[in-house]
Amino acid sequence: LSIQPETEFLISVGSGSITDTTRVNATRTKLPFVSVGTAPSMDGYTSVVAPLLLRGVKIHRTGYCPEIIVCDIDILRTAPIDMVRSGVGDVLGKYIAKADWMIGSVINGEPYCPVCGQIVLDAVEKLVDNVDEIAKKTEKGIRILIEALLLSGVTIMIVGHTRAVASVEHNIAHYWEMMQLKRGKQPPAHGASVGVA
């Protein structure tokens with residue numbers, strides 16, 4: 001409501017919640033936005049979907065992808081280790097998402113994009129092969145993690161929905177998060193819940 005008519009674009013500086021809040025505002029005001037990522041904690045930097053909390057319930061709204069995404073490895077390496085773990089969990093969830101998407105294609109005739117499926121699988125396998133580097137937050141490890149997250153988000157942009165990167169593991173994570181909030185507790189980072197699911 002406070003965005004002035006002379007505003008030309010929006011900038012988000014942060015991770016998931018800040019990026020998604022900016023995405024929703026950019027979409028509603030029809031303004032482009034720039035995303036400056038500060039943590040390799042989620043795949044939403046390149047997404048066209050914003051997960052939101054509305055009266056305690058997780059909902060999804062379509063939105064703009066940033067015109068520019070800046071992810072400086074030196075800044076990403078300073079993120080708390082819990083946010084790095086969240087990013088790893090979010091990427092690991094792609095194994096289930098890809099399998100479920102393929103099953104949905106066979107059983108329900110859902111459109112399946114093999115290129116997107118392969119992009120996601122390659123990103124997950126590269127992450128798994130370099131988990132020690134990621135745990136140490138080395139330049140190589142954080143680069144592999146953020147690339148896996150960004151590439152996952154690109155598949156959302158390509159197919160126009162989250163099917164390539166999110167399925168039942170995300171639904172379980174959203175349920176856990178909503179139940180924690182309902183009890184007045186702070187839920188764990190979304191990617192951590194996804195990784196466990």
Side-chain angles (χ1 to χ4, degrees), residues 11-23 34-47 49-53 58 60 65-66 68-98 119-156 162 164-197:
I11 302 174
S12 68
V13 180
S15 188
S17 297
I18 292 169
T19 302
D20 287 327
T21 301
T22 307
R23 181 185 332 278
V34 174
S35 176
V36 179
T38 60
S41 57
M42 53 87 206
D43 62 8
Y45 292 117
T46 50
S47 181
V49 176
L52 305 169
L53 200 61
K58 282 278 190 164
H60 292 86
C65 180
I68 299 170
I69 300 169
V70 178
C71 290
D72 184 300
I73 299 298
D74 292 334
I75 292 172
L76 296 174
R77 288 180 67 193
T78 67
I81 193 66
D82 284 349
M83 295 188 90
V84 173
R85 289 180 185 133
S86 176
V88 170
D90 200 5
V91 173
L92 291 176
K94 309 313 181 213
Y95 276 132
I96 301 297
K98 181 177 187 256
I119 288 171
V120 171
L121 185 60
D122 290 347
V124 176
E125 288 178 349
K126 191 171 183 182
L127 177 134
V128 170
D129 290 344
N130 291 279
V131 74
D132 291 336
E133 294 284 337
I134 296 166
K136 294 174 190 168
K137 296 200 309 186
T138 66
E139 181 178 337
K140 176 184 177 185
I142 297 301
R143 180 178 304 279
I144 287 167
L145 175 56
I146 193 63
E147 285 176 358
L149 292 164
L150 291 171
L151 286 170
S152 295
V154 165
T155 65
I156 298 170
T162 61
V165 296
S167 185
V168 67
E169 79 292 336
H170 272 71
N171 294 339
I172 292 168
H174 286 162
Y175 173 77
W176 288 339
E177 293 159 12
M178 290 186 294
M179 291 303 101
Q180 289 290 83
L181 289 167
K182 187 175 180 180
R183 294 180 181 118
K185 297 180 179 180
Q186 180 67 33
H190 176 67
S193 298
V194 168
V196 170

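Side-chain contact between T21 and S12 is absent, with no heavy atoms from C-beta onward closer than 4.5 Å. For the pair H60 and H174, the minimum side-chain heavy-atom distance is below 4.5 Å. Between Q180 and Y175, every side-chain heavy-atom pair lies at or beyond the 4.5 Å cut-off. Residues I96 and V168 are in side-chain contact: their nearest non-hydrogen atoms beyond the backbone lie under 4.5 Å apart. Residues L181 and W176 form no side-chain contact, since every pair of their non-hydrogen atoms from C-beta on lies 4.5 Å or further apart. The closest side-chain heavy-atom distance from V128 to V91 is not below 4.5 Å. With contacts defined as side-chain heavy-atom distances shorter than 4.5 Å, the pair V84/P40 qualifies.
Residue I68 qualifies as open at atom CD1: its count of foreign heavy atoms under 6.0 Å is 12 or below.
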For residues 138-148, tabulate all N or O donor-acceptor pairs below 3.5 Å that involve a side-chain atom, not counting sequence neighbours.
{"residue": "T138", "atom": "OG1", "partner": "E133", "partner atom": "O", "Å": "3.3"}
{"residue": "T138", "atom": "OG1", "partner": "E133", "partner atom": "OE1", "Å": "2.6"}
{"residue": "T138", "atom": "OG1", "partner": "G141", "partner atom": "N", "Å": "3.0"}
{"residue": "K140", "atom": "NZ", "partner": "N130", "partner atom": "OD1", "Å": "3.3"}

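Heavy atoms only, all atoms of each residue included: Y45 and G14 are closest at OH-O, 3.3 Å. In plain terms, the two heavy atoms of L149 and G87 that are nearest each other are CD2-O, 3.7 Å. Nearest heavy-atom pair, G89 versus V194, reported as atom, atom and distance to 0.1 Å: O-CG1, 3.7 Å. In terms of heavy-atom proximity, T19 sits nearest to S35 at OG1-OG, 3.8 Å. Shown here for E125 and Y95, the closest heavy-atom pair between the two residues is CG-OH, 4.1 Å. For the pair A50 and R23, the tightest heavy-atom approach, listed with the atom from each and the gap, is CB-CD, 4.0 Å.
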side-chain contact (heavy atoms from CB on, under 4.5 Å) between M179 and K185, worked out: CA-CA 9 Å; M179 291 303 101; K185 297 180 179 180; over 6 Å; no
Evaluation steps, salt bridge (Lys or Arg N to Asp or Glu O under 4.0 Å), between D129 and K126: CA-CA 5 Å; D129 290 344; K126 191 171 183 182; over 6 Å; no
Test log, rule side-chain contact (heavy atoms from CB on, under 4.5 Å), inputs V120 and L151: CA-CA 7 Å; V120 171; L151 286 170; over 6 Å; no
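Judged by distance alone, with hydrogens and angles left aside, the side-chain atoms of S193 form no donor-acceptor pair with the main-chain N or O of A173 at under 3.5 Å. D90 contributes a side-chain N or O that, together with a main-chain N or O of D43, makes up a donor-acceptor pair within less than 3.5 Å. A distance-only check finds a donor-acceptor pair linking the side chain of K137 to the backbone of A79 [under 3.5 Å]. Put simply, the side chain of T46 gets close to the backbone of L150: a donor and an acceptor are under 3.5 Å apart. Judged by distance alone, the side chain of S47 and the main-chain N or O of V49 form a donor-acceptor pair under 3.5 Å. Between the T155 side chain and the S152 main chain, a donor and an acceptor come within less than 3.5 Å of each other.
A search for side chain to side chain donor-acceptor pair (under 3.5 Å) contacts involving R77 returns nothing, not counting sequence neighbours. Every side-chain contact (heavy atoms from CB on, under 4.5 Å) that V13 has, sequence neighbours left out, goes to I11, V36, T38. For K58, the side chain to side chain donor-acceptor pair (under 3.5 Å) partners at least two apart in sequence or on another chain are E177. The side chain to side chain donor-acceptor pair (under 3.5 Å) test applied to S41 returns S15, not counting sequence neighbours. Here D122 pairs with Q118 under the side chain to side chain donor-acceptor pair (under 3.5 Å) rule; sequence neighbours left out.
Annotation: the span from D132 atom CG to I134 atom CD1 amounts to 9.0 Å, rounded to 0.5 Å.
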